[in-house]
Amino acid sequence: MIAEVYIDIPANPVNKPFDYRIPEGLEEVVEPGMRVTVPFGRTRRLGFVTKLKNESSFKQLKTIDSVEDHHPVLTQELLELGDWLARTTLCTRVAAFQAMLPAAMKADYKKLIEVEQPDQLQASDPELASFLSKVKNPMWSEVVKHHPKLSNRMKRAISQGLLSIHQLVQNQARAKKVIHVSAAVSREQLENACAQMTARAIRQKEVLQFFVQQSDLSSFQLPLADLVNQGFSRDAVNKLEEKGLLHDEQVDHYRDPFLKKVEKTYPLDLTSEQSEALTPILESIEHEEHRVFLCHGVTGSGKTEIYLQSIQHVIAQSKQAIVLVPEISLTPQMVLRFKGRFGEQVAVMHSGLSRGEKYDEWRKIREGKVQVVVGARSAIFAPFKHLGLIIIDEEHESSYKQEDIPRYHARDVAIHRAKTHQCPVVLGSATPSLESFARAGKHVYTLLSLKKRVNQRPLPSVEIVDLREEMREGNHSVFSKILLEKIRDRLEKKEQTVLFLNRRGYSTFVMCRSCGTVVTCPHCDISLTYHRAQHLLKCHYCGYEQKMPDTCPTCASDAMRFFGTGTQKVEAELNRLLPEARVIRMDVDTTRKKGSHEHLLRQFGEEQADILLGTQMIAKGLDFPKVTLVGVLAADSLLHLPDFRASEKTFQLITQVSGRAGRHALPGEVVIQSYTPDHYAVIDAAHHDYEAFYQQEMELRHRAGYPPFYYLALISMTHPEPAKVAEAAERVASILNNNLSQSSQVYGPVVPAISKINDRYRYQCMVKYKREPALLPVLHKILQHFQESGKNNLQISIDLNPVVLM
DNA sequence: AGCACGCCGACT
DNA sequence: GTCGGCGTGCTC
């Protein structure tokens, strides 16, 4: 038997199957979707078995060393999905596989140094010999790290046969085992044994008495570690096991990141709007029919309850459901809603979990221990075997697009998987992406509308403040008079305020006031960002940092000033203007520690603060009854980014943030501060008018030839020498022009807004197309052509349907 | 991705 | 003459 194996190297030259002989004894074991260790060149690598066959066109086959898995880690469906992913995002097969598996499944490669000829090594290189004899298991990387000069001497010793290298391929995925102790015999027998113990065996008696006291003795078991923690003697337990009175057992342990008790919730009564939306979803589940629903519901319209009841239906059919939620709204509250309804049947997947925790959640899914997974983007690859439903909440969120390889969009993967499983997809949003809403308009998706909030609360009243006018009147503060007044009012009424500051597009850079010099990164074409805590200037692209200069590097004046507004600055301003207000600041700095996110929100929920000031992360999901005022400090900070989706993002953001106010008994108010108060994105958001925004934005996209009217493909290349990239970019543009149909347009090559990152110069080409069968083959050829030959350091990357155009 | 082969320049 | 730089090509 022969296995086709993809070697665990995400690079083009090895992106093809390699044939290996399956050794006798493993013939019945190896299956497609398993990981194996194979000799590759002169190294050993992990590989993915994709196919079994009887013959190979290669004469001299090597043999599989070992099999890493008891069961395939990739189901047949996921293997095919990997193939599709590689094709449609132009990535390698293993890059696709790795994206579908928890990080713990990645192999750890180590090289162990073994001394073959100690005497001869002693003679030829005594220093090396004595060094190696001092270390227990000398690893190549460790030795080279601490003594770089030894590297060449070891290579020489290897070529002389004095040393050899053992390639270790370590599987990081290890299920944590825990020893559980239980009674091996009946209660009476334990009592008898206890009575017969010698007077000296006090510790053993203690343990026996503990077990005898347990009411449910026959099913009672607990971890050995817990026993020891309660003060029982480990030796005594061991003795009792030897005597056959107690029994121990290795139990798979799932690290549960959610140990807290969860209160069970039950299905709520639905409003008529909700039932109308739910019915077609249930029908689709019932009939095992693939459909895509776009659930357009205003904030607070009860979309989650629809999700929950749909899932309930899926579980009742013994099928499984995937729920995708953007990373930033995957908060404990959010997860609790699902755990509350479905309890133990829910697995959670997000970046806050440790490697091991993620692996455990993944195992629960694969082993059928859970029926629901709630997770961020990558949870779309959950290895369920009978998918009954996929839900994507906040469908418009750009975080569903992975920015690095494989550059997939979770929405596309969801629809592809749902087709294979013949099940529905529900896309939910208060502000659907134009792409999805347009598809609903064309009846490709089924539109479900929820126009009312469940508790009949009106949407908050929204006021737009013109910051230019404030400026003219001499108010240079970040707070307009009206907003400040309203905050004061809430302080008096003991109500709460949420202030939202979007930092993107407003990063704090440093500029010289007398000559206008902006301090930029020497490696990247971008201004450095000021970090107050360390008084440093840092580059957000390459990590370069330098001391904050005292004087201007160009004109030597001492008028270096910070520009831009950060949350820290706003907090300082709040403290100055409203010293009595208690403020909680939530941004990357204050939420870095695990659990601090949750902690700050709980503090705010318990009304230990009057004002919650934060960035993106507070735009979603917050639901506090006492919040009656929401302030958007700079609504147009996104509007001027060089991005055709800038208006859409602005509209979405204002709408989401406004939704945080007045969700309960007290009515809500929203103040939007803007320098462009007459922009339709700002006005339509203030009026809660999605349709108006949609119409206007669609017209613009149509005129400019952007999605959803055209698809985009972005080809970016980088090289240390500007002339080399320029040349390559020209070649790429002409290949595209010569091979694509007339209906497609090729733009560029152009230098992007950030022209250099990490000492590499950048160029881009863009393709706009409606239907272009030649696109994938041509792009494939371009990739092949420019990286096959290792083309002197040119890097080329392709992003189909890019979300970020920088 | 590694790793070796191979072909050039600067040293004992 | 040898050591060592990194361009090129292969790995079932």
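So you know, we letter chains A, B, ... as the sequences are listed, proteins then strands, and number each from 1. Values below: all heavy atoms of this structure, side chains included; hydrogens, waters and symmetry mates excluded.
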* Within this structure, what is the NZ-to-C1' distance between A:Lys59 and C:dT11, rounded to whole angstrom? -> 13 Å
* Structure fact -> In 5'-to-3' order, the base (B), backbone-only (S) or no-contact (-) status of each nucleotide in nucleotides 6-12 of chain B, using a 4.0 angstrom heavy-atom cut-off, is -------
* To do: Measure from CZ on A:Phe18 to P on B:dA1 and round the result to the nearest Å.
  => 14 Å
* Quick one: is A:Gln167 getting a side-chain N or O under 4.0 Å of the B:dA1 phosphate, OP1 or OP2? -> no
* Ion pair A:Lys364/A:Asp360, N-O distance below 4.0 Å -> no
* For atom CD1 of A:Ile9 and atom C1' of B:dA1, their distance in whole Å -> 5 Å
* Would you mind checking if A:Arg377 and A:Glu403 are paired as a salt bridge, meaning a charged N to carboxylate O distance below 4.0 Å? => no
* Asked: Can you say whether the rings of A:Phe40 and A:Phe18 are parallel (under 30°), tilted (30 to 60°) or perpendicular (over 60°)?
  -> perpendicular
* To the nearest Å, how far apart are A:Lys16 NZ and B:dA1 C1'? -> 14 Å
* Please state whether the phosphate of B:dC3, meaning OP1 or OP2, lies under 4.0 angstrom from any side-chain nitrogen or oxygen of A:Lys111. => yes
* **Separation of atom CD1 in A:Ile165 from atom C1' in B:dC3, rounded to whole Å** => 13 Å
* For DNA chain C, determine which residues of residues 60-68 of chain A have any heavy atom closer than 4.0 angstrom to one of its atoms, and list them numerically. => A:Gln60, A:Leu61, A:Lys62
* Asked: Which of these, A:Ile715, A:Leu779, A:Val767, A:Thr88, sits in a side chain to side chain contact (heavy atoms under 4.5 Å, CB included) with A:Leu800?
  -> A:Leu779
* **Spatial distance of atom CD1 (A:Ile322) from atom CE (A:Met349) [nearest 0.5 Å]** => 10.0 Å
* **Distance (rounded to the nearest 0.5 Å) between A:Tyr544 OH and A:Asn758 CG** => 13.0 Å
* **A:Asp19 and A:Lys53 ion-paired at < 4.0 Å** => yes
* Spacing between A:Asn15 atom CG and B:dA1 atom P, to the nearest angstrom -> 12 Å
* B:dG2 P sits how many Å from A:Lys155 NZ, rounded? -> 13 Å
* Asked: Does NZ or CZ of A:Arg363 fall inside the cone over A:Tyr359's six-membered ring, less than 6.0 Å from its centre and within 45° of the axis?
  -> yes
* Asked: Roughly how many Å is it from NZ in A:Lys53 to P in C:dC12, rounded to a whole number?
  -> 14 Å
* Is a side-chain donor-acceptor pair under 3.5 Å present for A:His421 with A:Glu77? -> yes
* Look only at the side chain of A:Glu327 and the backbone of A:Ser351, and say whether a donor-acceptor pair between them is shorter than 3.5 Å. => yes
* Asked: For A:Val348, does its backbone N or O pair with a side-chain atom of A:Glu361 as donor and acceptor, under 3.5 Å?
  -> yes
* Asked: In residues 37-50 of chain A, what residues come within less than 4.0 Å of DNA chain B, judged by heavy atoms?
  -> A:Arg42, A:Thr43, A:Arg45
